[in-house]
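Structure first, then comments.
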Amino acid sequence: MEFIFDNKLLVSAALVIFVIPIKIAISRLIRRRYKRKGLDKRYVVNNIKNLLNLLVFITLMILWGDELQHFALSIAAFVVAIVIATKEIIQCIIGFIYLSSSTPFRIGDWIQIDDFTGEVTETDWAKVTLLEVNLANYSYTGRSVFLPNTQLMLQPIKNLNYMKRYVNHSFSVVCDDAAHLPEDIQAQLLNNAIQYCSGFNDVAERYNALIENRLEIKIPGPAPSVKMSTTDIGKVKISFTLFCPTHEAIKIEQQLTRDFFVMSLPAKAAK
């Protein structure tokens with residue numbers, strides 16, 4: 001014990017160097033173990049890293065306690081300036097504690113904060129890291145977004161996790177020459193939408209019921225809907241709403257859009 005307190009700098013460096021390979025080894029072991037089982041346990045790795053960082057921080061605080069106390073006393077006149085200078089850092093730490101206690105999301109969830117949407121890949125004392133997701137096509141952009149914890153305390157957080165599997169996908173097509181569309185085009189498009197969604201209808205019903213029970217609200221779906229309306233300039237707009245697997249949404253949208261144009265071609269040709 002006397003050696004430790006007499007060689008604080010050496011012990012501190014050894015502690016940090018010792019913990020780094022431990023974190024790497026534990027991360028690889030957990031990821032390899034759960035990858036074989038097909039499970040996403042990134043949040044476990046993230047929590048272990050943060051716990052080890054906290055233990056190292058506490059150990060260093062105990063080890064250097066006397067020096068820190070003397071240092072704090074010697075700069076008492078500059079406390080206000082230091083607090084102001086480190087205000088953002090303090091707010092980030094408070095934000096991390098708030099997020100850890102309230103758990104509005106966890107690793108792997110899709111969230112939206114302000115104009116940023118992405119999958120949470122890592123959290124630490126300073127920031128939250130997102131893999132950016134484009135909600136227009138539900139695909140990853142390849143960019144990473146780093147949000148300071150202070151922003152997460154000030155901005156509303158939307159948890160979009162259920163959209164990772166199924167999504168209420170809505171889109172519209174507008175017709176310039178509505179007078180020559182088939183009279184039953186709405187029914188035909190609805191039948192096509194039901195046909196395209198029939199392969200996953202049972203799973204969609206269960207997932208829809210699960211979301212409604214968890215959120216205690218009623219959401220559209222799982223049956224597709226096709227509605228006709230007009231735009232501000234008098235054109236006919238056909239709106240689709242589908243409750244479908246996220247990775248199938250754009251594919252089904254393209255199929256229904258193609259069906260619409262195919263159905264309208266004979267009428268235009270006859271004209």
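FYI, the numbering just counts along the sequence from 1.
Expressed to the nearest 0.5 Å, how far CG of Leu189 lies from NZ of Lys227 amounts to 15.0 Å. Rounded to the nearest 0.5 angstrom, Leu55 CG and Leu60 CG are separated by 11.0 Å. In this structure, CG in Leu131 is found 6.0 Å from CD in Glu119, a value given to the nearest 0.5 Å. With rounding to the nearest 0.5 Å, the separation of CG in Asn168 from SG in Cys244 is 8.5 Å. To the nearest 0.5 Å, atom CD of residue Gln151 and atom CD1 of residue Ile113 are 7.0 Å apart. In this structure, the separation between SG on Cys175 and CZ on Phe261 is 8.5 Å, given to the nearest 0.5 Å.
Side chain of Ser101 to backbone of Tyr98: a donor-acceptor contact under 3.5 angstrom is found. Here the side chain of Thr246 pairs a donor or acceptor atom with the backbone of Met163 at under 3.5 angstrom. Judged by distance alone, with hydrogens and angles left aside, the side-chain atoms of Asn46 form a donor-acceptor pair with the main-chain N or O of Thr123 at under 3.5 Å. Judged by distance alone, the side chain of Lys23 and the main-chain N or O of Ile48 form no donor-acceptor pair under 3.5 Å. For the pair Thr129 (side chain) and Phe146 (backbone), a donor-acceptor distance under 3.5 Å is absent. For Asp109 (side chain) and Ile111 (main-chain N/O), no donor-acceptor pair under 3.5 Å exists by modelled atom type. With hydrogens and angles disregarded, a donor-acceptor distance shorter than 3.5 Å links the side chain of Ser198 to the backbone of Gln195. No donor-acceptor pair under 3.5 Å is formed between the side chain of Asn149 and the backbone N or O of Gly95.
Within the 4.5 Å cutoff, the side chain of Trp110 has no heavy atoms near those of the Thr117 side chain. Looking only at side-chain heavy atoms (C-beta outward), Asn208 and Tyr166 stay at 4.5 Å or farther from each other. Counting heavy atoms from C-beta outward, Phe243 and Tyr207 have side chains that approach closer than 4.5 Å. Side chains of Leu152 and Ile157 form a contact here, defined as non-hydrogen atoms less than 4.5 Å apart. Between Ile24 and Ile20 there is a side-chain heavy-atom pair separated by less than 4.5 Å. With contacts defined as side-chain heavy-atom distances shorter than 4.5 Å, the pair Gln188/Met263 qualifies. Looking at heavy atoms from C-beta onward, Phe171 lies in side-chain contact with Leu256 at the 4.5 angstrom threshold. Between Arg165 and Val203 there is a side-chain heavy-atom pair separated by less than 4.5 Å.
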One pair to check against side-chain contact (heavy atoms from CB on, under 4.5 Å): Leu135 and Leu160. What are the steps and the verdict?
CA-CA 10 Å; Leu135 290 182; Leu160 310 177; 4.3 Å; yes
Show, in sequence, the C-alpha distance, side-chain angles and deciding distance for Ile107 and Thr121, and conclude whether the side-chain contact (heavy atoms from CB on, under 4.5 Å) test is met.
CA-CA 6 Å; Ile107 302 298; Thr121 58; 5.7 Å; no
Tell me, with the steps shown, if Met228 and Val236 meet side-chain contact (heavy atoms from CB on, under 4.5 Å).
CA-CA 7 Å; Met228 298 186 69; Val236 172; 3.6 Å; yes
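For Tyr140, the OH atom is densely surrounded, since the number of other residues' heavy atoms within 6.0 Å is greater than 12.
Between Val128 and the choices Phe116, Phe105, Phe96, the side chain to side chain contact (heavy atoms under 4.5 Å, CB included) rule is met once, by Phe105.
Nearest heavy-atom pair across Cys92 and Ala126 is SG-O, 3.5 Å. Scanning both residues, Val120 and Arg106, for their nearest heavy atoms gives CB-O, 3.9 Å. The two residues Leu99 and Pro104 have their closest heavy-atom pair at O-CD, 3.6 Å. Taking all atoms of both residues into account, the shortest heavy-atom contact from Asp114 to Gln112 is O-CG, 4.0 Å. Listed here is the closest heavy atom pair of Pro224 and Cys197: CG-SG, 4.0 Å. Contact between Ser225 and Leu190 at its shortest, heavy atoms only, is CA-CD1, 4.2 Å.
Side chains of Glu205 and Asn201: a donor on one and an acceptor on the other come within 3.5 Å.
Side-chain rings of Tyr138 and His169 approach one another, their centers coming within less than 6.0 Å.
At a threshold of 4.5 Å between side-chain heavy atoms, the hydrophobic network of Ile, Leu, Val, Met, Phe, Trp and Tyr places Ile58 and Ile89 in one connected group. When hydrophobic clusters are built by joining Ile, Leu, Val, Met, Phe, Trp and Tyr residues whose side-chain heavy atoms come closer than 4.5 Å, directly or via intermediates, Phe18 is grouped together with Leu52. No path of Ile, Leu, Val, Met, Phe, Trp and Tyr side chains, each step under 4.5 Å between heavy atoms, connects Leu154 with Ile94, placing them in separate hydrophobic clusters. Hydrophobic cluster membership is shared by Ile185 and Ile194, with clusters built from Ile, Leu, Val, Met, Phe, Trp and Tyr side chains linked at under 4.5 angstrom.
Counting only residues at least two apart or on different chains, the salt bridge (Lys or Arg N to Asp or Glu O under 4.0 Å) pairs with a member in residues 127-137 are Asp124-Lys127, Glu132-Arg143.
Take Tyr196 and apply the ring-ring contact (aromatic ring centres under 6.0 Å, His included) test, not counting sequence neighbours, and it matches no residue.
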